[in-house]
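Encoded as structure tokens, the structure appears first; notes follow it.
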Amino acid sequence: MKILVAVKRVVDYNVKVRPKSDGTDVDLANVKMSINPFCEIAVEEAVRLKEKGIATEVIAVSVGPQQSQEQLRTALALGADRAILVNTDETLEPLAIAKCLKAVCDAESPEVMLLGKQAIDGDNNQTGQMLAALLGCAQGTFASELTVEGDKLTVVREVDGGLLTVALSLPAVVTSDLRLNEPRYASLPNIMKAKRKQLDVMTPADLAVDIAPRVSLLGVELPAQRQAGIKVDDVAMLVDKLKNEAKVI
Ligand code: AMP
């Protein structure tokens with residue numbers, strides 16, 4: 001079973017992002033970038049399937065600037081076998097990314113496509129669903145458990161108020177939720193080994209993918225600052241304030 005894992009380069013989750021002074025976008029100057037945490041979970045799951053002898057090859061794919069090679073090298077250090085960068089300096093929206101991934105799938109024919117449930121920069125939660133639609137295949141989103149039996153995948157999905165279990169026929173797209181696994185740390189020898197693993201670079205044009213944007217970003221701003229709270233002496237005072245100041249009861 002060949003597995004393709006989609007890996008996105010995003011602002012590191014520890015960074016407190018700020019808008020550019022003109023509010024046109026998020027300011028990415030001198031900001032630490034990392035592998036999207038949900039993609040790291042997807043890579044870990046693929047590598048575990050390889051270690052169990054279920055997966056034969058794990059291919060990490062990223063769509064983005066040349067620097068995304070750093071995140072692909074991280075995926076290789078975590079255990080992916082080879083990597084593909086679809087190189088573009090344009091900011092792509094989920095549809096264009098899904099089209100690039102579909103083109104790679106057409107060339108590579110993986111049985112399972114593992115993605116993160118969402119990228120923590122745009123919070124789109126769209127790419128996996130769009131990829132499954134473009135491929136015309138099954139999808140199991142928000143996976144917290146994944147098992148492979150023959151040519152079926154069983155995916156336990158985290159949904160509002162509980163768990164929902166689905167069986168998918170292959171090929172299938174699975175998007176990882178937070179509890180799917182706990183990713184390992186890459187060891188130094190594996191980081192060194194990853195430098196020598198195969199990493200192919202191509203462009204959306206090589207894949208004949210139309211990446212023209214359908215959505216334009218109008219602006220970004222920080223949420224309004226919360227006002228400081230006050231302490232009340234007793235319940236009567238609380239009720240009075242809610243009634244006469246906040247006017248919510
Ligand atoms: P999103 O739909 O943007 O929230 O992203 C969901 C998932 O799609 C991510 O966790 C990745 O697995 C994949 N993905 C999104 N953008 C990219 C990208 N530029 N390159 C590779 N994979 C991506």
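Atoms within each ligand, like the ligands themselves, are counted from 1 in listed order. The basis for the numbers below is simple: all heavy atoms, side chains too, and nothing from hydrogens, waters or symmetry mates.
For Glu111, the side chain to side chain donor-acceptor pair (under 3.5 Å) criterion is met by no residue, not counting sequence neighbours. In this structure, Ser144 has no side chain to side chain donor-acceptor pair (under 3.5 Å) partners at least two apart in sequence or on a different chain.
Ionic pairing of Arg184 and Glu51 is present here: one or more N-O contacts between side-chain nitrogen and carboxylate oxygen are shorter than 4.0 angstrom.
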Evaluation steps, side-chain hydrogen bond (donor to acceptor under 3.5 Å, both in side chains), between Asn124 and Gln118: CA-CA 6 Å; Asn124 290 310; Gln118 97 192 42; over 6 Å; no

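Within 4.0 Å of ligand 1, protein heavy atoms come from Ala6, Val7, Lys8, Asn36, Cys39, Val61, Ser62, Val63, Ile97, Leu115, Gly116, Gln118, Ala119, Asn124, Asn125, Gln126, Thr127.
The line from CG of Asp121 to CG of Asn36 is 7.0 Å long, rounded to the nearest 0.5 Å.
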I'd like a table of donor-acceptor pairs (distance under 3.5 Å, sequence neighbours excluded) in which one partner is a side-chain atom from residues 130-140, with atom names and distances.
none

